[in-house]
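Just the heavy atoms: all of them, side chains too, but no hydrogens, waters or symmetry mates, feed the values below.
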Amino acid sequence: MQGVKERVTCNLKELAPMTISVCNPVRIAAGVLVWLALSATTAQAGSGEGLFVTVPNPITSDALERIQKQVSSRLHDVNEDRRIRTVVFDFNPDGKPAATAKPGVCSDLAAFIRSLRGSVTTVAFVHNKVSGHTVLPVLAAQELIMSKGASIGEIVADGVEPERGEYALNFGKDPLYVVIRKMADREVKLVRGRNRTTQAAQFADARNEAEVKQQLAGVEPVPGVPDGQLGLYDAATAKLLGLSKGTAESRKEIAELYGLPPPAIRDDPLAGRSPDVFRWTLSKDVDEAMRESLNRVIRDVRKKGGNVLILEINSGGSDLVAARRIADDLRAAQTGDDPLQIIAFIADTAPGAGTIIALGSSDIVMYRPNTDTADLRESEIGDFSDYLKGAKPSDADANLTSIRELAESQGYPGVLIDGMFKKDLEIVRVTGKNDKRLRRLMTREEFERNRAEWNEDKTIKPKGQLLKLNATTAADLGLARFIVVGKDVGAVTAVYGYKEAKDPDPGWLDRFADFLRLPVVTVLLVVLGFTGLILELKVPGLTVPGIIAALCFILVFWAHSRFSGQTFVLALLLFLLGLVLVGMEIFVLPGFGACGIFGIFCMLGGLGLVTLEKVPDTAAEWGDLGVRITRYMIALMGAMLLAIFIARFLPRLPGANRLVLEAPNESASDAAEALPGGSEAAELLGAIGTTSTPMRPAGVVKFGEKFVDVVSDGGFIPAGTRVQVIQVEGTRIVVKEV
């Protein structure tokens with residue numbers, strides 16, 4: 001292709017030996033001028049927009065329609081800043097070989113690609129084998145870039161339908177037609193030489209002996225193109241033949257070559273669909289609860305037919321693992337059958353974990369105020385200083401590796417992430433010595449090793465400080481796709497040319513869980529839970545206080561287990577162990593000792609731990625755990641006071657004796673006579689019997705020939721012990737050991 005080539009008509013059905021391809025001086029001069037024009041256009045694209053389009057294998061009518069909509073929607077975008085100037089067609093989806101058996105749809109795609117000339121620069125990217133009629137749209141692009149392991153050719157291999165004039169509409173009088181024809185006709189004997197008149201390099205079919213001898217000098221076979229075989233050209237041969245402009249191993253290298261912003265290397269999730277926009281705000285620190293909530297939002301957006309989600313990121317935090325999982329969820333949402341375009345909008349700051357979520361989005365949009373605004377602070381991204389203060393070096397290194405991998409998979413320079421974690425790193429921007437369009441970020445050490453190939457442009461990060469980027473710098477480095485001057489979502493929809501964003505509804509469950517996670521609500525639930533537990537232990541059997549206690553503790557663990565991750569199981573086991581130990585102290589072991597004390601601390605530790613994001617491993621995190629346990633210990637004391645208050649005053653209300661029995665008093669015997677069985681119970685006052693079962697504190701005592709249900713005065717009494725009735729309260733009989 002050598003930059004630009006004309007495409008005129010010829011029919012590959014006419015495979016008779018053709019005349020020699022000639023490049024005259026006028027065509028050469030025109031080619032040079034157009035090449036310079038294209039170079040200027042490509043340089044301009046460095047500050048413009050680009051689009052990568054994955055061409056499915058095989059090419060189908062549906063795929064053609066999708067590609068046409070995808071390109072046309074960006075070509076005629078209402079926002080001029082989003083109009084594309086370069087379109088890169090990736091003909092090897094997932095890096096696999098591509099071949100289409102039917103020529104018709106390939107011819108239609110080739111015609112569409114040719115129709116884009118004059119509006120955008122079209123580039124074909126081949127990074128594996130491309131054969132069959134898929135070759136047709138590849139050659140229709142203005143420029144072909146191949147990876148070192150790629151190949152192109154073998155148009156009429158086995159299983160491929162013969163063409164029906166499609167190639168005649170595309171390549172008939174192309175100067176390199178004989179090179180293209182070799183891919184379809186194994187009889188072509190490709191040779192090269194110099195035109196005797198123009199001295200330009202030319203290729204010809206050696207079977208035309210007379211013409212070859214008359215017009216070419218220095219004729220020789222073409223390396224890598226054997227006779228008797230269909231042409232299948234590797235990257236080096238394709239460049240030698242003039243089909244390929246150069247080599248690149250990845251979309252990232254293509255983006256560097258053509259000056260495209262990093263997000264352009266990813267396929268457009270909308271793919272030509274009309275945008276239906278929703279918005280959602282991420283506030284508070286990032287944790288697993290945010291991940292669950294956000295996934296509910298994504299499901300609701302899809303359910304309502306939405307395909308664009310604007311995330312207002314007003315959050316940060318130190319849970320980088322949860323943030324990476326959220327970023328992976330966002331990346332997954334941008335693929336599949338119903339991909340979403342997810343735009344991260346940073347109106348203020350997105351430190352730590354908030355930065356990671358932004359990296360997982362389709363685009364990043366940041367805020368910069370007008371110059372006439374009193375507050376000239378721009379939004380910022382990339383501040384990990386708070387996380388690094390308390391993180392272990394091993395954890396910081398692991399998270400750096402994970403975040404760097406995320407950034408590079410999204411097309412962003414990984415060295416920027418290094419600078420956000422390492423103070424002693426110096427980052428510079430360089431430009432190619434041989435190609436000024438190439439711009440790259442490097443460490444100072446990397447640049448010094450490669451001075452022969454690069455020129456230093458500017459220092460991005462000096463030594464001695466962590467990197468964080470304001471909106472202007474982030475946009476200059478390609479991290480931010482757009483900058484807006486408003487802090488509301490309306491500014492974002494305006495820059496994309498979208499309609500007003502709607503609000504999704506992830507459901508009442510999220511709102512209820514958010515309410516329960518409020519510190520004051522959590523403490524209140526703990527107070528009510530302990531109060532109910534204390535009251536329940538005063539009376540055997542499951543009653544309303546026990547149900548309330550169980551419900552309160554279940555709500556606490558449910559609400560906080562949604563984001564506590566690895567700590568939840570440990571916290572739950574600690575709480576259950578504490579409950580068992582307290583139960584053993586009350587019902588099995590006499591008195592109050594080690595079991596009760598350790599049980600209370602286990603319960604408090606479980607409650608404190610379940611609200612943490614991970615197991616404490618720094619002094620600050622252990623201190624935070626201590627504060628939480630202290631808070632719940634105060635709640636326990638409050639619960640004891642509340643239980644005493646309820647036990648004393650609530651029985652005076654009608655029906656309250658079903659919850660808590662009033663302590664015995666001097667007037668109890670008078671009320672007892674009015675209760676059924678009260679007179680029989682009163683007769684036992686002072687009686688002595690023998691316990692038939694252990695008293696924990698309830699049990700059965702034998703008085704003479706009668707077996708009576710009683711309770712002890714608080715301590716454990718084993719079976720076979722002599723006891724005496726010391727109090728009678730209605731039908732409630734209290735005994736003590738004698």
Taking 4.0 angstrom as the limit, do [X] and [Y] come out as a salt bridge?
| X | Y | value |
| --- | --- | --- |
| D386 | K389 | yes |
| R251 | D267 | yes |
| R279 | E500 | no |
| R291 | E288 | yes |
| R449 | E445 | no |
| D300 | R296 | no |

Please report the C-alpha distance between S362 and R266 in whole Å, then the side-chain angles of each, then the deciding distance to 0.1 Å, and finally whether the side-chain hydrogen bond (donor to acceptor under 3.5 Å, both in side chains) criterion is met.
-> CA-CA 8 Å; S362 308; R266 303 188 297 273; 5.7 Å; no
Output, in order, the C-alpha distance, side-chain angles, deciding distance and verdict of salt bridge (charged side-chain N to carboxylate O under 4.0 Å, His left out) for E256 and K252.
-> CA-CA 6 Å; E256 289 180 348; K252 182 179 179 180; 5.1 Å; no
Take L260 and F52, measure what side chain to side chain contact (heavy atoms under 4.5 Å, CB included) needs, and give me the verdict at the end.
-> CA-CA 10 Å; L260 305 181; F52 274 78; 3.7 Å; yes
With a cut-off of 6.0 Å (strictly less than), are more than 12 heavy atoms of other residues, nucleotides or ligands near [atom1] of [X]?
| X | atom1 | result |
| --- | --- | --- |
| N434 | CG | no |
| K502 | NZ | yes |
| K433 | NZ | yes |
| K487 | NZ | yes |

Minimum heavy-atom separation for G419 to L425, with atom names?
->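 The answer is N-CD2, 3.9 Å.
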Would you please test R325 and D329 for salt bridge (charged side-chain N to carboxylate O under 4.0 Å, His left out) and show each step?
-> CA-CA 6 Å; R325 290 171 180 166; D329 291 343; over 6 Å; no
So E378 and I483, side chain to side chain contact (heavy atoms under 4.5 Å, CB included) or not? Walk me through it.
-> CA-CA 10 Å; E378 300 181 9; I483 294 177; 5.9 Å; no
Give the intermediate values and the outcome of side-chain hydrogen bond (donor to acceptor under 3.5 Å, both in side chains) for residues S402 and N399.
-> CA-CA 5 Å; S402 173; N399 280 312; 5.6 Å; no
Report the C-alpha distance between T472 and N470 in whole Å, list the side-chain angles of each, state the deciding distance to 0.1 Å, and finish with yes or no for side-chain hydrogen bond (donor to acceptor under 3.5 Å, both in side chains).
-> CA-CA 6 Å; T472 300; N470 61 19; 4.7 Å; no
Hey, mind stepping through T237 and D234 against side-chain hydrogen bond (donor to acceptor under 3.5 Å, both in side chains) and telling me if it holds?
-> CA-CA 5 Å; T237 304; D234 59 21; 2.7 Å; yes
So, do D457 and V430 sit near enough that their side-chain heavy atoms are less than 4.5 Å apart?
->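 SC-SC contact between D457 and V430 ruled out.
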